[in-house]
Amino acid sequence: MSDKPASPASPEKNENSNPASDFIREAVAADLASGKTKEVRTRFPPEPNGWLHIGHTKAFLIDFGVAADFGGKCNLRFDDTNPEKEDMSYVEAIKRDIAWLGCDWEDREFYASDYYERLYELAVKLIRKGVAYVDDLSAEQMSEYRGTAVADKSNITVTPPGRNSPWRDRSVEENLDLFARMRAGEFPDGSKTLRAKIDMAHPNLLMRDPPMYRIRREPHYRTGTTWCIYPMYDFQHPLSDAIEGVTHSLCSLEYEIHRPLYDWFIREAEVFPSRQIEFARLSITHFVLSKRWLLRLVQEGRVAGWDDPRMPTLSGLRRRGYSPEAIRDFISRIGVAKTDSMVDVQFLEHCLREDLNKRANRVMAVLRPLKLVVENWPAGKVEQLEAVNNPEDPAAGTRKVPFSGTLYIERDDFMETPPPKYFRLFPGNSVRLRYGYIVTCTGFSKDPASGEVTEVRCSYDPATRGGDAPDNRKVKGTIHWVDAPSAVKLEARLYDHLFEAERPMDVPEGKDWVETINPKSLETVAGALGEPGLAAAKPGDRFQFERLGYFCADNDSAPGALVFNRTVSLRDTWAKIEKKGG
RNA sequence: UCCCCGGUUGUGUAAUGGUAGCACGACAGACUCUGGAUCUGUUUGUGGGGGUUCGAAUCCUCCCUGGGGAACCA
């Protein structure tokens, strides 16, 4: 398996899902049926100020998916109207990640910053209509006039009624002149804003004359210093949608309260009537899904970067070994609703295992090697044994693995005095070496100082070549192994949840959530060994290490210095039994 | 406090006035050359009270409860 973009959703999958299978699709279907919408157009509007995470994936899979389900198109539009935070490197990362998930925006790569001139004209139109004005109030004054309660988190009191700004009734001519001079750079940053004239007594505070433009002298990553005024989200977003003919503007619940504004600007600007519909954003246990928080982890060096395999970013998940198919499947199975929900990370991992189980080739590797000597093995003899690459996929074929009298097994697979129900290797017990022979433990050596087992000895039954028992005897345990002379060294990076707490943000008062990072979220195992074929693995290649889990060759991996990330472990029934017993 | 939006098994999601279903988890078992995979079975739910109706998760009402908002960010 290698690291390729996901193929488009298979047709069978689409047949299974009713086109109107969630409230958004129902709404779109209704708009189509009533004739209000002729051709569906959606958009995914990321701000290029961070890398995409799995929460964004839900959003753009809905955007692209809804369009596709109704024979429409989805635009990619960078919502880049805040020059302070945005950067071209984010644009590239975002495009790469969306493509990886198999979404295609074709030639529809748009930028809100391309609409600055058009948006300016629409602002002038609103001024002419008398529904926008230039205000001289400072930010603090404006907040006070709007009736915003003073920031006292513990005790916010009744929202005071709003008061009109003294500049609210400037003439159209004066507003036009002032706005033009704002653009021309005649006023200092923050000294004036353009505001919509709506209703300073509105119960929805957002409707109390929201700012449309601010003065900010900050070079923009695309428009440079062409502009010193920048449009605000509430003004810019609906009109950008309208410019593109977006019929359904799908966004997360936090924008629900903005919808009256969205509709107001469309109505007053007399532009294409896009319709905003909101859905619940994705939350997953043990994950932090907020660009702002992720940025902090990166900036403070708490993780190795945006693509650290512990990060919930798409680049992190990709590097970890997640397949785009598994992510798509997960997103489609959690559904779309308006209920705030917290999906159990186990469900994500279930979808992952389900996909990888079907597609990842099996291979044997030993994380913590323990030498196993086959005492009755003919000296110098080496056999090539046939091993199945993927029992779930006969087309994956078979391979040869070498077998000699000196092997390594997993340290966990031997116990001097086993607990009940342990059916791996212990003195006197027989076990099958996967695709090898049935062996019986004859003895072991210990380091007298440390008490550590240094070597295990066994005898093999030549009649059981390949692992079959001609006498039909039951051998309960089958363990994996590598041939000592031919084994390749590798480094294994074992990951666990970045945060131990289900809800990492729920930290006690006074405690910083970044301090709750799981100290065991990365365990590096340097001395692991793998079968010889692993030497050819290239970064991004995915395997199942038998009985251990799914692993993916890391970007850091190179011939002679192999590095594998554990994507996810296999389900481990034994661990459960052990836990119960203890 | 005000405004907006929600509450269906442990979790997520269906049922759109007509048998509360599906998936994951959990538990039990079968099978197995991965204690993997697969298969079978079991368990638990409409936040509460009142109302409309032959019939309510669904409609009305009151209450309880959770989330969001009050940036010259998006």
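So that the names make sense, note that chain A is the first sequence line, chain B the second, and so on, each numbered from 1.
- Here the nucleotide nearest the side chain of A/Arg214, chosen from B/A26, B/A74, B/G12, is B/A74.
- Interatomic distance, CD of A/Glu386 versus CZ of A/Arg465, reported as 9.5 Å (0.5 Å rounding).
- No contact: A/Leu253 has no heavy atom under 4.0 Å from any strand.
- Comparing B/A57 with B/G17, their P atoms sit 13 Å apart, to the nearest whole Å.
- Minimum atom distance to the side chain of A/Glu256 is reached by B/C5, of the listed B/C24, B/C5, B/A74.
- OP1 or OP2 of B/G35 lies within a sub-4.0 Å distance of a side-chain N or O belonging to A/Arg547.
- The partner of B/G66 is B/C5, judged by Watson-Crick or G-U wobble contacts that both fall below 3.5 Å.
- Checked for salt-bridge contact, A/Arg359 and A/Glu325 meet the test: a charged N lies under 4.0 Å from a carboxylate O.
- Contacts of A/Tyr213 with the nucleic acid, taken as non-hydrogen atoms under 4.0 Å apart, are absent.
- Among the protein residues, A/Val475 comes within range of no part of the nucleic acid, since none of its heavy atoms lies under 4.0 Å from any strand.
- Within the nucleic acid shown, A/Tyr255 comes within 4.0 Å of at least one base atom, counting heavy atoms only.
- Contact annotation for A/Glu392: base contact, defined as any heavy-atom pair under 4.0 Å involving a base atom.
- Nucleic acid contact class of A/Thr193 (heavy atoms, under 4.0 Å, all strands): base.
- The phosphate of B/A70 (OP1 or OP2) has no side-chain N or O of A/Ser143 nearer than 4.0 angstrom.
- Across B/U40 and B/G48, the matching C1' atoms stand 39 Å from one another, rounded to whole Å.
- In this structure, the nucleotide among B/A74, B/A23, B/C72 sitting nearest to the side chain of A/Phe347 is B/A23.
- Separation of the P atoms belonging to B/A14 and B/C59 is 15 Å when rounded to the nearest angstrom.
- Picking from B/C73, B/G35, B/U11 the nucleotide with the shortest atom distance to the side chain of A/Asp344 gives B/U11.
- Side chain of A/Lys291 to backbone of A/Glu47: a donor-acceptor contact under 3.5 angstrom is found.
- Ring geometry for A/Phe110 versus A/Tyr115: interplanar angle of 30 to 60°, hence tilted.
- A/Phe551 places its CZ atom 17 Å from the P atom of B/G36, with the value rounded to the nearest Å.
- With rounding to whole Å, A/Lys338 atom NZ is found 13 Å from B/A14 atom P.
- Of the listed nucleotides (B/G68, B/U34, B/G6), B/U34 has the atom at the smallest distance from the side chain of A/Arg362.
- For A/Arg571 against B/G35, no side-chain N or O and base N or O form a donor-acceptor pair under 3.5 Å.
- The aromatic rings of A/Phe564 and A/Phe543 sit perpendicular to each other, their planes meeting at more than 60°, with 30° as the lower class boundary.
- Between A/Asp209 atom CG and B/A70 atom P the separation is 17 Å, expressed in whole Å.
- Using cut-offs of 30° and 60° on the angle between ring planes, the pair A/Tyr213 and A/Phe235 is tilted.
- Using N1 to N3 plus N6-O4 or O6-N4 for Watson-Crick, or N1-O2 and O6-N3 for G-U wobble, each under 3.5 Å, B/C39 pairs with B/G29.
- Note on A/Leu137: a base of the nucleic acid sits closer than 4.0 angstrom, heavy atoms only.
- Side chain A/Glu278 to base B/G68: no donor-acceptor pair is found below 3.5 Å.
- Distances were taken from every side-chain heavy atom of A/Tyr422 (C-beta onward) to each of B/G35, B/A14, B/G12; the shortest belongs to B/G35.
- B/U46 and B/A20: their C1' atoms are spaced 8 Å apart (whole Å).
- The base of B/U34 sits with one of its N or O atoms less than 3.5 Å from a complementary donor or acceptor on the side chain of A/Gln544.
- The separation of B/U8 from B/G66, taken at their P atoms, amounts to 14 Å, rounded to a whole angstrom.
- Ion pairing between a basic and an acidic side chain is recognised when a charged N comes within 4.0 Å of a carboxylate O; A/Asp461 and A/Arg473 show such pairing.
- Contacts of A/Pro45 with the nucleic acid, taken as non-hydrogen atoms under 4.0 Å apart, are absent.
- Both the sub-6.0 Å distance and the 45° axial angle are satisfied by A/Arg222 relative to the ring of A/Tyr111.
- A/Pro48 comes within 4.0 angstrom of nothing in the nucleic acid, heavy atoms only.
- Pair assignment for B/U52 gives none, since no Watson-Crick or G-U wobble pairing has each distance under 3.5 Å.
- Of the listed nucleotides (B/G69, B/C72, B/C24), B/G69 has the atom at the smallest distance from the side chain of A/Leu206.
- The residue among A/Arg353 and A/Tyr230 whose nearest nucleotide of RNA chain B lies closer to the 5′ end is A/Arg353.
- Between A/Gly467 and A/Gln236, the residue whose closest nucleotide on RNA chain B is further toward the 5' end is A/Gly467.
- The side chain of A/Leu205 approaches B/G69 more closely than any other nucleotide in the set B/G36, B/G69, B/C24.
- Between the C1' atom of B/A57 and the CZ atom of A/Phe23 lies a distance of 18 Å, rounded to the nearest Å.
- Distance A/Phe543 CZ to B/U34 C1': 17 Å, rounded to the nearest Å.
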> For A/Tyr233 and A/Tyr255, what are the C-alpha separation, side-chain angles and deciding distance, and is it a ring-ring contact (aromatic ring centres under 6.0 Å, His included)?
Replying inline: CA-CA 11 Å; A/Tyr233 172 85; A/Tyr255 293 102; 5.1 Å; yes
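- The nucleotide B/C22 finds its pairing partner in B/G12, both defining distances of the Watson-Crick or G-U wobble pair being shorter than 3.5 Å.
- Each of A/Arg168, A/Lys192, A/Arg195 was compared with A/Val134 under the side chain to side chain contact (heavy atoms under 4.5 Å, CB included) criterion, and only A/Lys192 meets it.
- A/Asn49 comes within contact range of no nucleotide atom at all, as no heavy-atom separation falls under 4.0 Å.
- Using atom P as the reference point in both B/G25 and B/G68, the two lie 30 Å apart (nearest Å).
- The phosphate of B/A74 (OP1 or OP2) has a side-chain N or O of A/Thr81 nearer than 4.0 angstrom.
- Nearest nucleotide to the side chain of A/Thr339, out of B/C24, B/U8, B/U34: B/U8.
- For the OP1/OP2 pair of B/C27 and a distance below 4.0 Å, the side-chain nitrogens and oxygens of A/Lys576 include at least one atom meeting the criterion.
- Nucleotides B/A15 and B/U58 are separated by 15 Å at their P atoms, to the nearest Å.
- Among B/A74, B/C3, B/C72, the nucleotide with an atom closest to any side-chain atom of A/Ile257 is B/C3.
- Donor-acceptor pairing under 3.5 Å, judged by distance alone, is present between the side chain of A/His258 and the base of B/A74.
- For A/Leu282 and B/U11, the CG to P distance is 16 Å, given to the nearest whole Å.
- In this entry the distance linking CZ of A/Arg434 with C1' of B/A37 reads 11 Å, nearest Å.
- To the nearest angstrom, P of B/C24 lies 15 Å from CG of A/Asp355.
- Among the atoms of the strands shown, none is found under 4.0 Å from any heavy atom of A/Arg216.
- Remark: the separation of the P atoms in B/U13 and B/U52 is 33 Å, to the nearest Å.
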